[in-house]
Protein chains: 2
Amino acid sequence: MPIKLVTQAETILKEQGGRMTSQRKLILEKIESMSGHPTAEEIYLNANQEDPTLNLSTVYRTLRWLTDQSLITPHRFDEERRQERFDATLTGTNKDHYHFQCQQCKNIIEFSSDQMEKIKSIFSSQTGSEVFSAELVFYGVCANCRENRS
Amino acid sequence: MPIKLVTQAETILKEQGGRMTSQRKLILEKIESMSGHPTAEEIYLNANQEDPTLNLSTVYRTLRWLTDQSLITPHRFDEERRQERFDATLTGTNKDHYHFQCQQCKNIIEFSSDQMEKIKSIFSSQTGSEVFSAELVFYGVCANCRENRS
DNA sequence: ATATTATTGCAAATGAATTGCAATATCAAT
DNA sequence: ATTGATATTGCAATTCATTTGCAATAATAT
Ligand SMILES: [Mn+2]
Ligand SMILES: [Mn+2]
Ligand SMILES: [Zn+2]
Ligand SMILES: [Zn+2]
């Protein structure tokens with residue numbers, strides 16, 4: 001059971017002299033409960049049902065703050081490369097994972113890989129750079145779409 | 001010596017009943033000659049010096065077309081994740097490569113990796129999906145910036 | 001309770017990329 | 001070479017996601 005987002009946020013807010021508001025709490029809960037990789041709009045639509053006065057820019061501001069605090073990770077997947085999608089699951093087992101997107105059904109599959117460490121260390125020793133994070137996205141056709149296709 | 005972009009483009013255009021224009025030719029030459037991963041704006045600025053009547057939207061249209069034809073690849077790197085940057089080097093030796101971006105100087109280092117194939121095949125056999133392309137970006141600090149830092 | 005000020009809602013702004021349209025240029029057919 | 005059909009351009013306007021300025025509001029320390 002990973003630490004809840006609200007708790008992590010509260011800790012950071014205290015350090016920064018920030019304030020926990022009802023809007024933030026709501027948004028954080030939604031991010032945690034929503035599966036997949038929702039967009040700002042999707043989070044807004046969902047949270048707005050509970051608090052109809054909640055504004056879209058508050059959602060954007062909160063997402064930006066969470067990103068800056070490394071509590072969530074933004075992604076841009078292929079076709080919808082205009083909108084950012086957010087990864088809420090950055091604690092515990094779901095840390096450090098990569099993505100596959102099916103070009104047909106747009107579904108995303110998450111996976112992890114031990115080999116990644118090796119690629120990193122080879123690159124590091126070859127160039128003398130230090131690698132902090134890695135983003136890997138595969139594009140292709142998922143098992144489902146391979147079957148149901150002409 | 002890889003096949004020139006203009007040549008590849010002409011072949012495809014012929015198939016499609018498209019036309020090779022002076023603007024396209026100019027843009028293609030620029031993409032090929034420019035190092036790094038230029039933005040649409042940068043390509044425009046460069047090409048516009050040679051043909052002052054060239055319009056930015058023509059550059060955008062050409063880049064979109066080239067992307068659709070898989071003659072170039074769009075990337076979005078970290079901080080400037082708003083603008084697309086384009087990889088002209090998709091033929092010959094520069095095919096299938098990955099990127100590292102230094103978070104300090106924003107420089108990009110290209111690299112390739114044999115391990116990647118393994119990650120792909122493991123993922124494929126585990127999920128039954130077929131992987132067509134892979135995008136990997138490392139973020140960190142380059143050798144230069146590691147030295148010159150406090 | 002009160003004062004301080006971080007945060008919100010709202011509306012307007014931004015900025016990259018796309019699009020409609022009339023004018024123009026390409027290219028195949030003559 | 002001339003012609004005609006139409007693909008492509010320049011231009012201006014538009015879209016769409018995201019950001020921002022500001023006055024009103026609400027959270028926290030005292
Ligand atoms: Mn994920
Ligand atoms: Mn590259
Ligand atoms: Zn699929
Ligand atoms: Zn650097």
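Just so it is clear: chains get the letters A, B, ... in the order the sequence lines come, proteins before strands, and each one is counted from 1. Just the heavy atoms: all of them, side chains too, but no hydrogens, waters or symmetry mates, feed the values below.
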Side-chain N or O of B:R82 less than 4.0 angstrom from OP1 or OP2 on D:dA17? no
Would you say A:Y60 reaches D:dT18's phosphate, i.e. side-chain N/O to OP1/OP2 under 4.0 Å? yes
C:dT7 phosphate, OP1 or OP2: any side-chain N/O from A:R24 under 4.0 angstrom? yes
Using whole Å, what does the distance between atom P of nucleotide C:dG15 and atom OH of B:Y44 come to? 17 Å
Inspect the contact between A:E84 and A:R64 and indicate whether a charged nitrogen and a carboxylate oxygen are less than 4.0 angstrom apart. yes
Quick one: B:R19 CZ to D:dT8 P, roughly how many Å, whole number? 7 Å
Determine whether a donor-acceptor pair (N or O, by modelled atom type, separation under 3.5 Å) exists between the side chain of B:N48 and the backbone of B:L54. yes
I want to confirm an ordering. Mapping B:T53 and B:G17 to their closest nucleotides on DNA chain D, which one lands closer to the 5' end? B:G17
Whole-Å distance between D:dT9 P and B:M20 CE? 10 Å
Hey, does the side-chain of A:R61 have a donor or acceptor N/O within less than 3.5 Å of a partner on the base of D:dT19? no
DNA chain C: 5'-proximal contact among A:D51 and B:Q83 (nearest heavy atom): A:D51
Assign the ring pair B:H37 / B:H97 to parallel, tilted or perpendicular, where the plane angle (0 to 90°) is split at 30° and 60°. tilted
Using the six-membered ring wherever Trp is involved, compare the ring planes of A:F138 and A:F111 and label them parallel, tilted or perpendicular (cut-offs 30° and 60°). parallel
At less than 4.0 Å, is any side-chain N or O atom of B:Q23 found next to OP1 or OP2 of D:dG10? Yes or no. yes
Roughly how many Å is it from NZ in B:K14 to C1' in D:dA7, rounded to a whole number? 15 Å
Give a yes/no answer on whether the side chain of B:T21 brings an N or O atom under 4.0 Å of OP1 or OP2 in D:dT9. yes
Does the side chain of B:N55 get closer than 4.0 angstrom to OP1 or OP2 of D:dC11 through an N or O atom? yes
Select from A:L54 and B:A40 the residue whose nearest nucleotide in DNA chain C is closer to the 5' end of that strand. A:L54
Is a side-chain donor-acceptor pair under 3.5 Å present for B:Q83 with B:E42? no
Would you mind telling me which of D:dT19, C:dG9, C:dA28 lies closest to the side-chain atoms of A:R64? D:dT19
Could you tell me the separation between the CZ atom of B:R85 and the P atom of C:dA16, rounded to a whole number of Å? 11 Å
Given atom CG of A:L56 and atom P of C:dT7, what is their separation to the nearest angstrom? 19 Å
Where the side chain of B:L13 is concerned, which of C:dG15, D:dT8, C:dA28 is the nearest nucleotide? D:dT8
So A:S57, base contact, sugar-phosphate only, or nothing? Heavy-atom distance under 4.0 Å. base
Please classify the nucleic acid contact of B:E41 as base, sugar-phosphate, or nothing, using heavy-atom distances under 4.0 Å. nothing
Value for CZ (A:R82) from OG1 (A:T39), rounded to nearest 0.5 Å, stands at 14.0 Å
Atom-to-atom span, NZ of A:K25 to P of C:dT7 - whole angstrom: 14 Å
Whole-Å gap separating P (D:dT9) and CG (B:N48): 15 Å
